[in-house]
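Here's the structure we're looking at; comments come further down.
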Amino acid sequence: MSEPYDPKHFEAKWAERWEADQLYRTGPADERPKAYILDFFPYPSGDGLSVGHCRNYVPTDVLSRYYRMRGYNVLHPMGWDAFGLPAENAAIERKTNPAKLIAQFSANYKRQFCLIGISFDWTREINSSTPEYYRWTQWIFLRLYESWYDPRANAAQPIAALEKELAERGSAGIAGVPPMTAQQWQTLGARERKDYLSHFRLAYRAASTVNWDPVEKTVLANEEVIDGRGWRSGALVEKKTLMQWFFRITAYADRLLADLQDLDWPENIKLMQVNWIGRSEGAEVVFETPVGGLHIFTTRPDTLWGATFMVLSPEHSLVLKLTTPDRQAEVQAYIAEARKKSDIDRTAEGREKTGVFTGAYARNPVNDEQIPVWVADYVLMGYGTGAIMAVPAHDQRDFEFARGFNLPIRVVIQPESKPALQAETMTEAWPGEGAMTHSGTFDGTPTSISVAQVTEWLESTGKGKRRVNYKLRDWGISRQRYWGTPIPIIHSAQGEEPAELPVTLPDVKYYEPTDTGESPLAAIPEFVNTEKGKRETDTMGTFACSAWYYLRFADPHNQNAAFDPQQVAYWLPVDMYVGGAEHAVMHLLYARFWTKVLHDLGYVPFIEPFKRLRNQGMILAPDGKEKMSKSKGNVITPDETVAEWGADALRAYEMFISDFEMATPWNTHGLAGTYRWLRRVWEVVLSPAPRPAADDRTAQADRDLTRWTHKTLRKVSQDIEGFRFNTVISTLMEFTNALHDAQRQPVSDRAFNEATDVLLLMVAPVAPFMAEEIWARQSRPYSIHQQLWPQFDLALAADETITLVLQVNGKVRGRIAMPAGLTEEQARDVAMKNEAVQRHLDGKPPRKLIYVPGKLVNVVV
RNA sequence: GCGAAAGUGGCGGAAUUGGCAGACGCGCUGGACUUAGGAUCCAGUCCCGCAAGGGGUAGGGGUUCAACUCCCCUCUUUCGCACCA
């Protein structure tokens, strides 16, 4: 009898040994097949990891260990998304430097990761807030700044090539851009040229109304505003106009959409990206007014004849120009009111539509009618052109507005399967299909073909153009905060220009946000003033840091480049990327975008960074439906759990608790189950009970145990690869129980030892500490984690006998053990001779007999 | 409102994708043993019934020899989007 299982005895010992030996260090590219297994880039919070966080780190670790044992060169790194508000706010609160806090917090994370046996290669640890890292974030910023999206190549190109083209041929060859002849270009000064080029650059500066969080005192991205409130502070977001830096992600909208198709990602995540990009096809049509054309976008050009008024967004640039003198006061008051309203007020459900008449009229190009132009806040400046044609008969929003303000409604689509619509009696709009009417020569055209026909006609008559519109906006990156990557730009008399890299954050005592909306960096003259001009003082939002970190891990300490292209070509794309679904849109979209830009510019050979993606389900507090959170005081830490049960039991329970993608409550009692299982493994391997001596049953018992062994090996391998970690554990438990029972059988030493060897190797990725300890106690050469995964043998896993299920009319009436290779003939025969089957047939002749090979016979009467 | 996912014992959850519902674990009930160890071991545990048998995967309908699985409707929960022209 050996010592009982006691993880406290050996877990710390092995953790130290592995660390000292750099057991999990990953070498550079070599000839082995590679597997890059990556967890989402975490911000190391001061609270440390909870058992909920471990839900993804344990399974990816098991996967990494499994692939190592399968002979793969595995990259499994960890680093810190260290810039950003949480660190900065924590530092302000504690009156210390955020860099110091991050060092402290990340050391704690690392300690916890080692505590639970995660096999990260710590020689590749990166920290996005160090100049060694963020100088390359800046470098990528400048690559975007120095590039533009050439629609002809459908790819990013150097901006220098565009300058050359403009000088030679002007902008004539490029569709949809502000016109510029070669002669005009020649006469422009440096600053004017730069202004013009900012319409093209993939990183550009533009005035924009931003979401201003009055508590955080910073600009928030659209994605950081939830129901009109800041995602962290919960404060009502205000609007503010500032010069902001953007990345032109909209240029990549089509490719970001199209390339989703081939990704092995959860369908709901792909769908969320599709919806976020929000592609819709339609037409752009110009309605002429005395002060210029009003461009509108519509997905239903077949309803153009039903436009009875127009609506502009209050932010539309032509509103005041268009408004007649007698209406100015009213319109201006309305605009001011709209500006004051938060988005949450503006979009509140069931709100009465408001608006005012501008006094102006616009000409509908399809029928030359003059229709009134209104201003209303239900039209959003951020989508389409900020102006719409209102077709009240066929759009619910327009219908409500028309009814509210007594505007005319004209039916131009008659549904086929309903009574004819009457404008006077309609209670809601008809947005569905039907035949066109009151539409001149198009009358009678059904919706199935009308949209395409009208669009074609608009194009051929020059009244409009085909247009694809996206909900996706450009990615705003400017943050008026200290703790971020400085935007590497200098503003001089000649306009903006790239700064020399790196632009490092000054080490300062005070970095609280200012009340003016300016970055704290603006108050530091040594930082702002350079020989060439004034530095940009905004820093980048942290999504920039995480948009490329997966590339840096391939070559994390390169001093001369963001990464070595050969290392990146070997390791990337990421084979398995795992993290929470809360990053479904922003991070994943931005990372895909940067990958595509870097691909276009020739830095990486692939177009998608993450081949496979999985989201772990959340672990809730034990009491049921609450999330674990410090404020609720229901957080369970790996530290306390390891102290009580050991790291291996924690790891096994993290896997066993539920399907990987499902949310589920934590249950400390459940840990006892995985703890008991590990103890049973420990005992059955290290000190099996004496078995009965070999006899004439031994050959059969050996075959049975060997079959168990190989079946288990096959299922465990498949389930690890398929991300079914809960059934990995249950399968291993069943096998352990089978071994336990085999102790009472006259199994030979050979078969028994083969089984325990295989069990131990299969347990190694799950319970690395115990597996290593048993391995050492068996006096085998260190380390078990460098052994090969055992091969399964299909022939040995094959069943000798099967259980044939006998049914009558689909109800189970009996089960019979039969040899595995039985013929259909035999199966039918056995079924019909079966006493229970005969009883339920009750003398009636079988009408039909269904045989599912090796499984079941169903007799139908 | 729109979209997506989910709903299975007292609990967490399985079910080779249309073929034995409830694997595995927790808990619970008996029993054995005891070097008192988070003991362990043995047996049992969906519901009704002594049994034969019957019922059962949120509810209702349907397809099928056969449905947790596919289709339609309803309810509940979670998540995402939310006046997107």
Side-chain angles (χ1 to χ4, degrees), chain A residues 1 4 227 266-272 274-276 278 280 282 296-300 303 311 343 346-351 353 376-380 382-391 394-398 400-401 431 469-472 581-582 584-585 615 617-618 624-625 644-645 652-653 656-659 661-677 679-680 683 689 715 718 724 726-734 736-737 740 803-812 814-815 839 846-861:
Chain A
M1 193 69 188
D227 291 336
E267 284 305 316
N268 63 321
I269 300 290
K270 291 210 248 182
L271 193 64
M272 279 162 72
V274 168
N275 292 338
W276 193 264
S280 48
I296 61 106
F297 171 73
T298 176
T299 54
R300 291 292 300 273
T303 64
V311 187
D343 280 348
R346 252 177 94 157
T347 61
E349 212 171 320
R351 194 175 67 95
K353 289 204 165 33
D377 63 8
Y378 80 91
V379 174
L380 310 174
Y383 183 79
T385 61
I388 61 157
M389 64 161 182
V391 183
H394 306 293
D395 181 288
Q396 185 59 25
R397 295 153 299 179
D398 299 343
E400 287 164 19
F401 194 80
N469 202 50
Y470 300 93
K471 280 204 300 198
L472 183 69
E582 67 273 15
V585 175
N615 300 121
M618 195 177 317
K625 297 295 160 200
E644 213 176 335
W645 300 96
Y653 186 60
F656 186 60
I657 189 167
S658 167
D659 181 273
E661 308 204 350
M662 299 289 190
T664 189
W666 186 258
N667 176 4
T668 305
H669 293 300
L671 267 162
T674 54
Y675 179 87
R676 286 204 274 263
W677 166 59
R679 180 169 49 200
R680 193 171 256 213
E683 267 157 21
K715 178 149 174 65
Q718 287 171 347
R724 294 181 292 269
N726 53 341
T727 52
V728 167
I729 301 298
S730 66
T731 305
L732 287 172
M733 284 174 166
E734 288 183 274
T736 308
N737 292 343
H740 182 80
T803 303
L804 189 68
V805 173
L806 307 177
Q807 294 184 334
V808 177
N809 284 340
K811 284 188 196 296
V812 177
R815 299 185 175 92
R839 193 168 67 239
R847 191 157 58 82
K848 201 169 162 189
L849 215 145
I850 285 136
Y851 176 57
V852 181
K855 284 199 175 139
L856 155 161
V857 178
N858 186 10
V859 185
V860 186
V861 293

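What you see is a predicted model, and the numbers here were worked out from it, not measured in a lab. Labels below follow one simple rule: chain letters A, B, ... track the order of the sequence lines, proteins then strands, and each chain is numbered from 1.
A 4.5 Å side-chain heavy-atom check between A/Asp395 and A/Thr303 finds every atom pair outside the cut-off.
Comparing atom distances between the A/Asn275 side chain and each of B/G3, B/C24, B/C83 picks out B/G3 as nearest. Closest approach to the A/Arg679 side chain among B/G12, B/U40, B/A85 is made by B/U40 (side chain taken as heavy atoms from C-beta onward). Comparing B/C65, B/G3, B/A39 by their closest approach to the side chain of A/Asn858 singles out B/C65. For A/Val805, the listed nucleotide lying nearest its side chain is B/C20; candidates were B/C20, B/G12, B/A14. Candidate nucleotides B/C83, B/G19, B/C26 were compared by shortest atom distance to the side chain of A/Leu856, and B/G19 ranks first. Distances were taken from every side-chain heavy atom of A/Trp645 (C-beta onward) to each of B/G38, B/A23, B/G12; the shortest belongs to B/G38. Minimum atom distance to the side chain of A/Lys848 is reached by B/C65, of the listed B/C65, B/C26, B/A85.
For the pair A/Thr385 and B/A85, the criterion of a side-chain N or O lying under 4.0 Å from OP1 or OP2 is not met. For B/A14, neither phosphate oxygen OP1 nor OP2 lies less than 4.0 angstrom from any side-chain nitrogen or oxygen of A/Thr727. For the OP1/OP2 pair of B/G19 and a distance below 4.0 Å, the side-chain nitrogens and oxygens of A/Lys855 include no atom meeting the criterion. The side chain of A/Lys811 places an N or O atom within less than 4.0 Å of a non-bridging phosphate oxygen (OP1 or OP2) of B/G55. Not one side-chain nitrogen or oxygen of A/Asn726 sits closer than 4.0 Å to the OP1 or OP2 atom of B/G12. Taking 4.0 angstrom as the limit, A/Arg839 places none of its side-chain polar atoms (N or O) nearer than this to OP1 or OP2 of B/A52. For the pair A/Ser280 and B/C84, the criterion of a side-chain N or O lying under 4.0 Å from OP1 or OP2 is not met. Residue A/Arg676 places at least one side-chain N or O under 4.0 Å from the OP1 or OP2 atom of B/G27.
No engagement by A/Arg724 is indicated, since no non-hydrogen atom pair under 4.0 Å with the nucleic acid exists. Contacts of A/Glu644 with the nucleic acid, taken as non-hydrogen atoms under 4.0 Å apart, include base atoms. Contacts of A/Asn268 with the nucleic acid, taken as non-hydrogen atoms under 4.0 Å apart, involve only primed sugar atoms and P, OP1 or OP2. Within the nucleic acid shown, A/Asp659 comes within 4.0 Å of sugar-phosphate atoms alone, with no base atom in reach, counting heavy atoms only. At a threshold of 4.0 angstrom between heavy atoms, the contacts of A/Ala663 are confined to the sugar-phosphate backbone, with no base atom among them. Residue contacts shown for A/Ile850 include a base, since a base heavy atom lies under 4.0 Å away. No engagement by A/Gln396 is indicated, since no non-hydrogen atom pair under 4.0 Å with the nucleic acid exists. Using a 4.0 Å heavy-atom cutoff across all strands shown, A/His740 reaches sugar-phosphate atoms only and no base atom. Residue-level contact check: A/Asp398 touches neither bases nor backbone, having no heavy atom under 4.0 Å from any strand. Here A/Ile657 lies in heavy-atom contact (under 4.0 Å) with sugar-phosphate atoms only.
Spacing of C1' atoms, B/A5 relative to B/A85, comes out at 29 Å, to the nearest Å. One C1' atom belongs to B/A67, the other to B/G60, and the distance between them is 16 Å to the nearest Å. Taking the C1' atoms as reference points, B/U16 lies 13 Å from B/U69, given to the whole Å. B/G13 and B/C26: their P atoms are spaced 16 Å apart (whole Å). Across B/A23 and B/C47, the matching P atoms stand 12 Å from one another, rounded to whole Å. One P atom belongs to B/G49, the other to B/A39, and the distance between them is 34 Å to the nearest Å. If you take atom P in B/A58 and the same atom in B/U35, they sit 50 Å apart, rounded to whole Å. Rounded to the nearest Å, the gap between the C1' atom of B/C46 and that of B/G56 is 8 Å.
Nucleotide B/G19 forms a pair with B/C65, judged by Watson-Crick or G-U wobble geometry with both contacts under 3.5 Å. Of all nucleotides present, only B/C81 satisfies the Watson-Crick or G-U wobble test against B/G1, with each distance under 3.5 Å. Across the strands present, B/U57 finds no partner; the criterion is a Watson-Crick or G-U wobble pair with both atom distances under 3.5 angstrom. Searching all strands for a Watson-Crick or G-U wobble partner of B/U35 with both distances below 3.5 Å returns nothing. Across all strands shown, the partner of B/C24 is B/G12, judged by Watson-Crick or G-U wobble contacts whose two distances both fall under 3.5 Å.
With the nearest nucleotide of RNA chain B identified for both A/Ala672 and A/Arg680, A/Ala672 has the one nearer the 5' end.
A donor N or O paired with an acceptor N or O is found under 3.5 Å between the base of B/C83 and the side-chain atoms of A/Lys353.
Using a 30° and 60° split on the angle between ring planes, A/Tyr653 and A/Trp666 fall in the perpendicular class, above 60°.
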Could you give me the CA-CA distance, side-chain angles and deciding distance for A/Glu267 and A/Lys270, then say whether salt bridge (Lys or Arg N to Asp or Glu O under 4.0 Å) is met? CA-CA 5 Å; A/Glu267 284 305 316; A/Lys270 291 210 248 182; 3.8 Å; yes
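Going from atom CZ of A/Arg397 over to atom P of B/C83 covers 9 Å, rounded to whole Å.
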